[in-house]
Each structure stands twice: as C-alpha cells, then as structure tokens.
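Below: one structure, written as structure tokens.
Letters A, B, ... are given to chains in the order of the sequence lines, protein chains preceding strands, and every chain is numbered from 1. These numbers come from the heavy atoms of this one structure, side chains and all, not from hydrogens, waters or symmetry mates.
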Amino acid sequence: MRFVTWNVNSLKIRLPRVEAWLAEVQPDVVCLQETKLADKAFPHLAFQALGYDASHCGEGRWNGVAILSRVGLEDVVCDFADGGEPDAEARLITATCAGVRVTSVYVPNGRALGHEHYAYKLRWLARLKDHVAATRAEGQHVVVAGDFNIAPDDRDVYDPAKFVDVTHTSPPERAALAELTSLGLVDTFRRVHPEDGLFSWWDYRAGDFHQGRGMRIDLVLADEALAATCRWAIIDRNARKGSQPSDHAPVLVDLYP
DNA sequence: ATGGTCGCGCAGCGA
C-alpha cells in the first residue's frame, strides 16, 4: 500500500496539481493538510473521478485535513480520540483504510518560542500522544501522517546552526515527538533514508527551494511491525517545482500491512 | 540588499 502525506496549502488553489499528481502516482491512501476549505466546499467528486473516497474535516479559511483512499475508508473520526473536549481547530482526522487506522495531522506551527501558540503546539502534541495511545489500543496497524511542524533531528534542517532557539527544532518540540514515537511508532522515511539534506518544506521566499534551504517536517509514522515492511520511500521534489506549487512536497511511503 | 512569497480576502495576518 502506498501512503502519502501532503500539505497542499489550499486545496482550492492546488486541486489541478493534486489531481494530476494522483493520476500519475496512484497512491492508495493520501493524508492532506491545510485544505483551507469548509466541508461543504470539499471537492469529493473530483477525487471520486480518480477512484478515491474522501473524508474531510475543515473550518474554512485555515487548517483543514482530509484522508483520501482507494482501498476503503471507514469509521471516520474528526477530532482527538482521547475523550476530551473537541479541538477548536480542524487539525486531525482518523479513518480505517484496509485495516490500517490512519490519522492525518496538521500540528500547530508554534510561531515563536514563548508565544502562546507555542504552548498550544506543545499541549496539542501531548493530546496527540493520548490520541495515538487510544488508537493503538484498538489493535489495528496505525499510521500517523502529516505536517508535524517539527524537524526530528539536525539532519532534517539545511543548517543546524541557523535553527537554535527557534520553533521546529527546539528541545521541547523534539521531546514531544519522541514521546509520540515512544508509543511504538517509527519515522518510516528516515528508516529507509538515513542521509541528511532531504527536505519536504521550503519557504516560498528568497529562492529557498532552489538554494536547498529546506526542512523535513512532513512525516509518515507507522507502528513498528508495519514500518518494518518499508523498503521504499521518497519525497517528490518535482511537485514543489513549476507553476503554483505548495510550499510542501508530498512524501510517499510504501508499506505492506 | 538585513528583505525576499504565498493564500485568504480585501487589511493585514499566518505560514
């Protein structure tokens, strides 16, 4: 099964590119983030025409996450599965695809160390751990894929010296991600590609993409048994090129549940 | 040169 995560930065603007990419790559399960759509504006028919069922959790102007699947889409939950208060923002959606419990996540950005939004990011990640623990307890294979807004280690940024005391690399954020993986989840792409310099996001400004100034913040986490089946993974840099790209490239991971 | 670009939506914020 081919899994993809892709922060599309507005599905309204990006739909033509997403459609063409899906037709070419033929993934089985796709986790989207930052659709920036209300549920009623989600283009179900466009995806149906390509063979995908879809579920979307959106609020309109910001955030918005979805799961597309051509191998079944069941038991959709549009929030944390920890039994707590509903999250105010549309940042995760969970569904079962061919026996795999899949969650598409858009982790808060954090904005700056010490900012209220940074505290929100850490609280959100702590809740995500509870969500994953609850999901794992159901006994199915688990995939948690999305824009984590965290570079797991120094291989995941273009210049570690430039990422000191900033969001995406700060020790509390990395510790929160480690808490998550301590539940038995594995960064599948990293398992296949240990080298540095492989990024999934580049700022639109200053020619960062062409200068190689990026970060790897889009991850596909899978339970250990499922991750052990991974033999192939790639970040499709070509999808970051050309006219009207997202600032994120899609990450593809083949797993065999 | 100490910025730079997008997307949303129509000012300026968020990323």
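One C1' atom belongs to B/dC8, the other to B/dT2, and the distance between them is 28 Å to the nearest Å. Nucleotides B/dC6 and B/dA11 have their P atoms positioned 23 Å apart, rounded to a whole Å. A distance of about 15 Å separates the P atoms of B/dG4 and B/dC13, rounded to the whole Å. Using atom P as the reference point in both B/dA15 and B/dG9, the two lie 15 Å apart (nearest Å).
Going from atom CH2 of A/Trp201 over to atom P of B/dT5 covers 14 Å, rounded to whole Å. Rounded to whole Å, atom C1' of B/dA15 lies 12 Å from atom NE2 of A/His115. Atom NZ of A/Lys121 and atom C1' of B/dA15 are 11 Å apart (whole Å). Taking atom CZ of A/Phe209 as the reference point, atom C1' of B/dA15 lies 18 Å away to the nearest angstrom. If you measure from atom CZ of A/Arg213 to atom P of B/dG3, you get 15 Å, rounded to the nearest angstrom. We find that CG of A/Asp208 is positioned 10 Å from C1' of B/dT5, with the value rounded to whole Å.
A distance of 6.0 Å or more separates the ring centres of A/Phe148 and A/Tyr106. Ring pair A/Tyr204/A/Phe209: centre-to-centre distance not below 6.0 Å. A/His117 has its ring centre less than 6.0 Å from the ring centre of A/Tyr120.
A donor atom on one side chain and an acceptor atom on the other are not found under 3.5 Å apart for A/Gln33 and A/Arg91.
Judged purely by atom type and a 3.5 angstrom limit, A/Tyr52 uses its side chain to pair as donor or acceptor with the backbone of A/Pro27.
Under the 4.5 Å side-chain heavy-atom criterion for grouping Ile, Leu, Val, Met, Phe, Trp and Tyr, A/Val220 is not connected to A/Val144 through any hydrophobic cluster.
Annotation: of the two residues near DNA chain B, A/Asp203 and A/Gly110, the 5′-most nearest-nucleotide partner is A/Asp203. The nearest heavy atom of DNA chain B to A/Ala206 and to A/Asn7 marks one nucleotide each, and the one closer to the 5' end goes with A/Ala206.
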Reading nucleotides 6-14 of chain B from the 5' end, what letters show protein touch, with B for base, S for backbone sugar-phosphate only, - for no heavy atom under 4.0 Å? SSSS----S
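Contacts of A/Arg213 classified as salt bridge (charged side-chain N to carboxylate O under 4.0 Å, His left out), with partners at least two apart in sequence or in another chain: A/Asp208.
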